[in-house]
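Report on the structure given below.
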Number of protein chains: 2
Amino acid sequence: MKQTGKRVTIKEVAEDAQVSVAAVSKVLRNSYGVSAKMRERVEASMRKLDYRPHTAARGMRGKTYTIGILQNDLRNPYLPNIFDGVIEGLEGTGYQPLLGVGQSQVPLESALINSMIDRQMDGLIMIAPRLPEPELERIARQIPTCVIAYHHDQETAFDTANFDSHLGARMATKHLLAQGSRNPVMLSLALPESDATNVIRQRELGFMAELEAHGIETENRVTYSHFDEARTQQVIHDLLNSSEPPDGLFCWSDIVALDTFTVAESLNIRVPEALAVVGYDNTFDQRLRPFGLSSLNQSGHRLGSEAARLLLERIGGRTKAEHSLFRPELIVRGSSAT
Amino acid sequence: MKQTGKRVTIKEVAEDAQVSVAAVSKVLRNSYGVSAKMRERVEASMRKLDYRPHTAARGMRGKTYTIGILQNDLRNPYLPNIFDGVIEGLEGTGYQPLLGVGQSQVPLESALINSMIDRQMDGLIMIAPRLPEPELERIARQIPTCVIAYHHDQETAFDTANFDSHLGARMATKHLLAQGSRNPVMLSLALPESDATNVIRQRELGFMAELEAHGIETENRVTYSHFDEARTQQVIHDLLNSSEPPDGLFCWSDIVALDTFTVAESLNIRVPEALAVVGYDNTFDQRLRPFGLSSLNQSGHRLGSEAARLLLERIGGRTKAEHSLFRPELIVRGSSAT
DNA sequence: CATGAATTGTAGAACGTTATACAAAAATAA
DNA sequence: TTATTTTTGTATAACGTTCTACAATTCATG
């Protein structure tokens, strides 16, 4: 079969406009050396024939005007904000963003990125990649890259855009202590590999740094949740049901903070009186009942548009790496204050 | 600049394996006419040189092994299930799915689809497209297409995969009536265009059909929510606060059912005693407190894998349209039964 | 064995662009 | 006017595959 709708090509446009193929190409890329008159004529022909450039053909020698975005978890409600920001940052540039999903699995992520490179994409925005650093650098050497949610301000091969996770964790922890928490615990996420580039690891480090600043022993103060929800609830249950249950909980994400509420309720532990909870990402607003969830607000939109900006610069020719770091904001709601 | 990592080409593989370029191409596509010995040698060379096919070049004459997925709302928690199903259905086929986001705006959606066609994608899966039918048919004539969440079992240009929305609505409504609801109302979604192909419109029709079957007047029984959350809450507030408030609510989605809870609580209306609520999609499970949300379960995963199956068949040469229709399942929880 | 059929491999055009190199024309300077 | 420079447009070789047509070889059949 094969639907062959016989596309209009640059050649037919050239014939219609009575100019050379090269001239049409120039107009298309608005490259140097076209008179206003010729541009006018060519554009008229393109409209008339409903010409659309053939991306694969362009990719053979030039650019594909395609930006690949790596996203690992489609279910994380924070990520759409980033995507919106990227779209806005790319608006009017002619670049089309396409999303690939790595499913949080290194081999899948690796295959996906390779396939984006094979497709001659012009740039890559990776959100919280799982790939190890040398691999990221190998990729960045092949294609302009900006990485979001990856703390490494000394990296030279690619740009990064982040909110300061370490600082955010300190703010949350300081708040919990100020609210009178004497036995604060952080609920983090168990990850196979978790070095200092990881935002969650940075939050752990920030949490512990703030405790130390207050002279509190940090040992055994971090508990680990999992992607598996049932298992996570079990972990929380064990924690809240222990002999010395925490009176303040700093959660690595809002989602796991919700699980905390569920378990606390089942154990008749009152929030915030007996347990103050702070989440991360500020993904839930007024929808949560009966009290709001305190959380660290960090605009995904801003992260996305900044990443787009950095990437466009890099595609444009910048080779020196840039690292944008924004400041998160603590939003206090009923879950951590009466 | 331009990072030119000088890719290994088919030509170099051919030289290394001491065969013709055509032979390597054949191996690559496992096309007819290659001996086991030759395949072996060529594959060894490909491994040795770490060859990767250049997708743009392939797209010039052959296929790109890329499937485009149109998604309109990244925030809808139901959609990741579909995507997982698609991924599973595509596993091992060599096709790479890439996601485009239409932002629920017709011009954006249109530009996106065109750009997928420009990129010579081999097939398209569209989830709840906003484009009008003639436009969809125009697209499907250019590229193999399967549409999800689009009710039109007479369509000949493309395949569809759906859960029966009309039936689901009838099941929900029947249940509400059986629970004793005397004044049932449906909370639907206001859409600019909403013909019978629309899943939400089908739910409205199913709702009314079931009412009629019970001899209940259908007029003024459908209220419309909006994408804007604040506005939606206002609508719900007005509805629940009216002189004849509903005692049963069939919501077009689980998300808007949550808003219902929020408003009901603020008005001291008890769920389910004074107001029974049924949602749609079964996106929330045990996370919801203090009672679970009754909802219609329809496996997005199944929808996705079915769409992938249909699309692969169509890419493989089928030209006759097929329409898969699955049966949803009503899950009763605390929001509609004591 | 001779003949035809099937199998295995190759040469080379084609796909639709971009980009380089250059010719022609127009503008500017002397 | 004549040189010189600048602007405008063209011809054509890539780019890395696929695919058609065909040649060479091996296999089967009588």
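This is a predicted model, so every value here is computed, not measured.
- As rounded to whole Å, 19 Å separates atom P of C:dC15 from atom CZ of A:R58.
- Here C:dA11 presents its P atom at 13 Å from NZ of B:K11, a figure rounded to the nearest Å.
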Between B:L98 and B:I67, does a side-chain contact (heavy atoms from CB on, under 4.5 Å) hold up when you go through it step by step? CA-CA 6 Å; B:L98 287 178; B:I67 303 289; over 6 Å; no
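- We find that CZ of A:R52 is positioned 12 Å from P of C:dT17, with the value rounded to whole Å.
- Residue B:T9 has its side chain nearest to D:dT17 when only C:dT18, D:dT17, D:dT7 are considered.
- Within the 4.5 Å cutoff, no side-chain heavy atoms of A:N162 are placed close to those of A:F326.
- In this entry the distance linking CE of A:M60 with C1' of C:dG16 reads 9 Å, nearest Å.
- Regarding contacts with the backbone of D:dT17, a side-chain N or O of B:Y51 is found under 4.0 angstrom from either OP1 or OP2.
- Contact annotation for A:S35: backbone-only contact, meaning every heavy-atom pair under 4.0 Å involves sugar-phosphate atoms and none involves a base.
- Side-chain atoms of A:N81 and B:R75 include a donor-acceptor pair closer than 3.5 Å.
- For C:dA11, neither phosphate oxygen OP1 nor OP2 lies less than 4.0 angstrom from any side-chain nitrogen or oxygen of B:S20.
- Nearer the 5' end of DNA chain C, as judged by each residue's closest nucleotide, is the contact made by B:V19, out of B:V19 and A:V24.
- Rounded to whole angstrom, the span from the CE atom of B:M38 across to the P atom of D:dA24 amounts to 18 Å.
- With DNA chain D read from its 5' end, the first of the two nearest nucleotides for A:Q18 and A:Y32 is the one closest to A:Y32.
- One can place CD of A:E12 at 11 Å from P of C:dC15, the figure rounded to the nearest angstrom.
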Return the polar atom pairs (N/O with N/O) between nucleotides 12-14 of chain C and the protein under 3.5 Å, or none.
residue, atom, partner, partner atom, Å
C:dA14, N3, B:R61, NH1, 3.3

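- Residue contacts for B:K26: at a heavy-atom cut-off of 4.0 Å it reaches a base atom on one of the strands shown.
- Distance B:I10 CD1 to D:dC15 P: 15 Å, rounded to the nearest Å.
- The distance between atom NZ of B:K37 and atom C1' of D:dT26, rounded to the nearest whole Å, is 12 Å.
- Comparing B:A57 and B:R39 against DNA chain C, the residue whose closest nucleotide sits nearer the 5' end is B:R39.
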